[in-house]
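What follows is a set of notes on a single structure, which appears directly below.
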Amino acid sequence: MQLKLYKRSTILLSIVVICELTGIILLLKYREKWLDHKIAVILAFALFLLLINGIFSYYDLNADKNLIRKAVSNGDVALAKIKDGSFVRFGRDARLKNHVFWKLDVEIYDNEMKKFDAQIIEKFSLHQTAIPKGYVYVTYVEGKLDECLIIPNMIISSIQEYKPLVEDYEKALKPKYLNAYINDGLILETYEDSLKKSKEA
């Protein structure tokens, strides 16, 4: 899903650039008509640039977070076992921060403990140089296995309504969880590694 969002952001950025260039060309072409009101026109154009860049930045930086929030509020959550990961590509967001995309081979267990093999592409922090094996919670809609997003652990643990579901998974599968959290992008690591980092810090 993250790669789809990245491609949408690239298309949106292209539209934004085209709109900005078109605006500049039109202003230059018809400058005789607005020179008497140049301060108002320049201010209006500057506001237009701020508006469309702001809309793009908001979408680019928050599209995945909004999808996760919506899925969690709708109960569209499942457990996934990460078996392997492979590098896909680097990318950059609206703040010009670099990220890395990894393709994950996973087994997804729905709320009825049915298992599905899937491959999902997730966007990580540059600190993620390898993918550990273990369990995470993901957004899940039946029939849309390629649209899963990894949910940071803090979100699941902070919502009491998910406690019975978590207990069911733990009884049936005894999952060894990974620590999924945000630090300049998503990070996945074993809890042992997280504890080591905490002690070193």
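Using a 4.5 Å cut-off on side-chain heavy atoms (C-beta onward), L149 and E122 make contact. M1 has its side chain out of reach of I121: every pair of non-hydrogen atoms, C-beta onward, lies at least 4.5 Å apart. Between L79 and Y177 there is a side-chain heavy-atom pair separated by less than 4.5 Å. With contacts defined as side-chain heavy-atom distances shorter than 4.5 Å, the pair R89/L3 qualifies. For the pair V136 and I151, the minimum side-chain heavy-atom distance is 4.5 Å or more. Looking at heavy atoms from C-beta onward, C19 lies out of side-chain contact with V16 at the 4.5 angstrom threshold. At least one side-chain heavy atom of Y59 sits under 4.5 Å from a side-chain heavy atom of R8. Between K81 and P175, the closest side-chain pair of non-hydrogen atoms is not below 4.5 Å.
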Give the intermediate values and the outcome of side-chain contact (heavy atoms from CB on, under 4.5 Å) for residues D76 and Y140. CA-CA 5 Å; D76 297 329; Y140 169 74; 5.7 Å; no

Going through the distances and angles, do Y137 and Y162 end up as a ring pair (Phe, Tyr, Trp, His ring centres under 6.0 Å)? CA-CA 11 Å; Y137 285 94; Y162 279 105; 8.1 Å; no

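Between the side chains of Q119 and D146, no donor N or O sits under 3.5 Å from an acceptor N or O. The closest side-chain donor-acceptor pair between N179 and S194 falls under 3.5 angstrom.
More than 12 heavy atoms of other residues, nucleotides or ligands lie within 6.0 Å of CD in E32, so this atom counts as buried by the packing criterion. Within a 6.0 Å sphere centred on NZ of K83, heavy atoms belonging to other residues, nucleotides or ligands number more than 12.
Closest non-hydrogen pair, Y109 versus E107, comes out as OH-OE1, 3.0 Å. Closest approach of L188 and Q128 over heavy atoms only: N-OE1, 2.7 Å. Nearest heavy atom pair, residue I120 against residue L145, reads CG2-O, 3.3 Å. Across A71 and V77, no two heavy atoms sit closer than the pair O-CG2, 4.5 Å. The shortest heavy-atom contact between N153 and L178 is ND2-O, 2.9 Å. Heavy-atom minimum distance, G85 versus L104: CA-CD2, 4.2 Å.
Between the CD1 atom in I159 and the CG atom in L165 there is a gap of 11.5 Å [rounded to 0.5 Å]. A distance of 12.0 Å separates CG of L186 from NE2 of H127, quoted to the nearest 0.5 Å. The CG atom of L50 lies 10.5 Å from the OG atom of S57; values are rounded to the nearest 0.5 Å. Residue L195 holds its CG atom at 7.5 Å from CD of E192, rounded to the nearest 0.5 Å. Note that the CG atom of L21 and the CG atom of L26 stand 11.0 Å from one another [nearest 0.5 Å].
Every residue was checked against the side chain to side chain donor-acceptor pair (under 3.5 Å) condition with D110, not counting sequence neighbours, and none meets it. For D105, there are no salt bridge (charged side-chain N to carboxylate O under 4.0 Å, His left out) partners at least two apart in sequence or on another chain. Take S9 and apply the side chain to side chain donor-acceptor pair (under 3.5 Å) test, not counting sequence neighbours, and it matches D60. Applying the side chain to side chain donor-acceptor pair (under 3.5 Å) rule to Y169 yields the partners N111; only residues at least two apart in sequence or on another chain are considered.
In this structure, L43 belongs to a hydrophobic cluster whose other members, linked by side-chain heavy atoms under 4.5 Å apart, are I39.
Listed for the D193 side chain is no donor-acceptor partner under 3.5 Å among the backbone atoms of E189.
E147 and K4 are joined by a salt bridge, as a carboxylate oxygen and a charged side-chain nitrogen come within less than 4.0 angstrom of each other. Under the 4.0 Å criterion applied to side-chain N and carboxylate O atoms, D84 and K133 are not assigned as salt-bridge partners.
Applying the ring-ring contact (aromatic ring centres under 6.0 Å, His included) test to pairs two or more places apart or on separate chains, those with a residue in residues 65-101 are Y6-F101, F87-F90.
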